[in-house]
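Written out below as structure tokens is the structure these notes cover.
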Amino acid sequence: MINSTLLWAVLIGFTLIGIILGRMTSTKSIDDFALGGRNMGFFPSLMTLSGTFVSAVTLMVYTSFVYIYGVSAAWIFVGYTLGFLLFIPFSLKLYRLSLKHHFFTLTDYFVFRYGRKTARLVIGVIFVWYVGLLSTQLLVGSNLLNELGGVDTNLAKLGMLITVLIYLLVGGFGSVVKTDIFQFIVIFLVLILVALTLNSGGDVPPEMYEPFNAGPVNIIAFLLLGILTPFATQDYWQKVFAMKNETVVKQSFGVGAGVNILLTFALTYVGLIARSSFPATGSVANEHAEMMVLRTFTELVPPEFQVAVLIAFFAAILSTSDTYLFLLSLNVTNDLFPNKDESPKQGIMRIRKALVFVGVFALLIALYFQRIEDIVVTFKALGIGIAPVIFYDWAGRHDKRSLIISLITMTVVSLGVSLYMMNEMGKISPAIAFVSIGTSSIVYGLVYTFRKK
């Protein structure tokens with residue numbers, strides 16, 4: 001077990017680095033504070049995309065799926081890779097529209113298409129999704145600090161939130177990008193180091209090497225979760241709006257797809273080591289998979305590298321948390337309560353106040369929930385239910401009433417099924433993705449068809 005003083009020293013170190021990087025960022029205008037001046041080149045674009053992608057949820061939940069299903073869990077990364085590539089033509093369209101109409105967030109696109117009242121429904125769904133994901137980052141980090149150093153989980157959640165808040169208040173979006181670059185390099189190097197130095201246990205069950213072991217329902221759900229994520233995930237949209245030109249947009253997502261493949265191998269290996277070292281069967285494997293993965297990172301890594309593991313997890317947590325928190329603050333100031341007449345100074349101050357408000361809200365949720373996988377699957381499925389609506393719009397079939405009815409229905413049905421699964425099965429299956437995607441697709445299609453007759 002690592003001394004708790006060292007744990008807090010690492011967290012303070014990240015805070016100081018974030019402050020220094022934030023001070024290197026211009027905050028003279030709203031564009032500077034919210035989008036880094038819309039001048040992000042290829043390398044920072046690639047690093048911030050990858051840094052947000054490799055979150056604590058990715059490290060914990062994906063490897064937990066490998067622990068349960070074996071290599072067939074890699075279908076979700078196949079989906080992510082395809083999603084990055086398929087998103088490129090749509091992202092180019094978004095980039096051109098963002099220059100013409102001065103977009104800041106995903107909601108601005110829906111304001112442009114349907115008006116602000118309808119767009120607020122979209123942001124309502126996204127806001128719930130992202131608050132849930134932000135809370136999950138704090139939950140994962142608190143479990144890690146408790147496992148490594150016996151730190152009280154609630155105190156750990158508060159400490160991580162304060163770290164992210166401090167450097168975002170200083171540098172805004174520029175802090176997000178600059179810290180993502182630093183944090184992704186740390187994550188990537190340490191993850192490779194960990195994969196090479198893990199002490200493996202017994203044999204991995206043969207079925208864990210079967211590419212279709214998860215079954216057709218889960219495999220298709222994994223693919224859909226991966227493919228649709230860029231289309232419905234506002235952090236990818238915002239980073240498109242911040243990029244320098246169309247070439248950067250294409251190259252960032254194209255190379256990012258290749259980075260996803262490298263991460264697949266490393267994380268799959270870690271998940272298989274967890275299964276061989278901490279074997280479990282039946283419901284035990286499903287219920288405690290995330291803890292088995294956490295034990296892999298904390299118990300099987302040589303003692304001299306445990307601090308490196310801690311740093312990597314902190315980097316993963318912070319690089320994603322800062323993106324989620326900053327986007328949520330823009331959702332409040334730009335989407336829910338816009339004020340076009342304020343000065344740049346007033347606008348930046350409102351964003352800073354929103355950062356604190358949203359951060360405290362997410363902390364309260366993190367203090368309430370305990371099981372990581374259920375939160376992730378529920379909120380992820382809810383969020384990507386927006387993707388079919390975007391595809392209809394892309395195809396030129398945009399209709400305000402179809403959008404409103406499909407999103408309201410999808411939200412109610414998706415959350416209802418999640419609660420049913422929790423009560424009847426004790427866990428939420430990745431197959432919940434079919435419910436949200438199918439509901440929004442079918443309802444939008446039916447309403448649109450009948451309205452056009």
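Nothing here was measured: the structure is a model prediction, and the numbers come from that model.
- Listed for the Ser72 side chain is a donor-acceptor partner under 3.5 Å among the backbone atoms of Ala214.
- Residues satisfying the side chain to side chain donor-acceptor pair (under 3.5 Å) criterion with Thr333, sequence neighbours excluded, are absent altogether.
- Under the side chain to side chain donor-acceptor pair (under 3.5 Å) criterion, Thr229 pairs with Lys380, not counting sequence neighbours.
- Remark: the backbone N or O of Pro211 is paired with a side-chain donor or acceptor of Trp75 at under 3.5 angstrom.
- When the side chain to side chain contact (heavy atoms under 4.5 Å, CB included) test is applied to Phe361, the partners found at least two apart in sequence or on another chain are Phe127, Val131, Ile365.
- Ring centers of Phe222 and Phe65: under 6.0 Å apart, within the cut-off.
- Remark: the backbone N or O of Met410 is not paired with any side-chain donor or acceptor of Ser440 at under 3.5 angstrom.
- Taking Arg113 as the reference, Asp393 meet the salt bridge (Lys or Arg N to Asp or Glu O under 4.0 Å) condition, with sequence neighbours excluded.
- Between the side chain of Arg397 and the backbone N or O of Tyr392 there is no donor-acceptor pair closer than 3.5 Å.
- Within the 3.5 Å criterion, the main-chain N or O of Gly159 finds a donor-acceptor partner in the side chain of Thr163.
- By the side chain to side chain contact (heavy atoms under 4.5 Å, CB included) test, Ile162 pairs with Leu158, Ile166, sequence neighbours left out.
- Contact check for Tyr67 versus Thr63: no side-chain heavy atoms found under the 4.5 Å cut-off.
- In the displayed structure, Lys353 atom NZ is contacted under 6.0 Å by at most 12 heavy atoms of other residues, nucleotides or ligands.
- Using cut-offs of 30° and 60° for the angle between ring planes, the His101 and Phe112 rings count as tilted.
- With values rounded to the nearest 0.5 angstrom, Ile437 atom CD1 is found 9.5 Å from Ile227 atom CD1.
- Annotation: side chain to side chain donor-acceptor pair (under 3.5 Å) contacts of Asn331 (sequence neighbours excluded): Gln234, Asp335.
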Donor-acceptor list for residues 82-91 side chains, cut-off 3.5 Å, not counting sequence neighbours:
{"unit_1": "Ser91", "atom_1": "OG", "unit_2": "Phe87", "atom_2": "O", "d": "3.3"}
{"unit_1": "Ser91", "atom_1": "OG", "unit_2": "Ile88", "atom_2": "O", "d": "2.6"}

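- Qualifying side chain to side chain contact (heavy atoms under 4.5 Å, CB included) partners for Lys244, counting only residues two or more places apart in sequence or in other chains: Asn39, Val248.
- Partners of Leu272 according to the side chain to side chain contact (heavy atoms under 4.5 Å, CB included) rule, which considers only residues two or more places apart in sequence or in another chain, are Val66, Val71, Val204, Met208, Tyr209, Thr268.
- For residues 245-270, the set of pairs meeting the salt bridge (Lys or Arg N to Asp or Glu O under 4.0 Å) definition, not counting sequence neighbours, comprises Arg96-Glu246.
- For the ring pair (Phe, Tyr, Trp, His ring centres under 6.0 Å) with Tyr109, the lone residue among Phe104, Trp394, Trp237 that qualifies is Trp237.
- Using a 4.5 Å heavy-atom threshold, the side chains of Leu106 and Phe231 count as separate.
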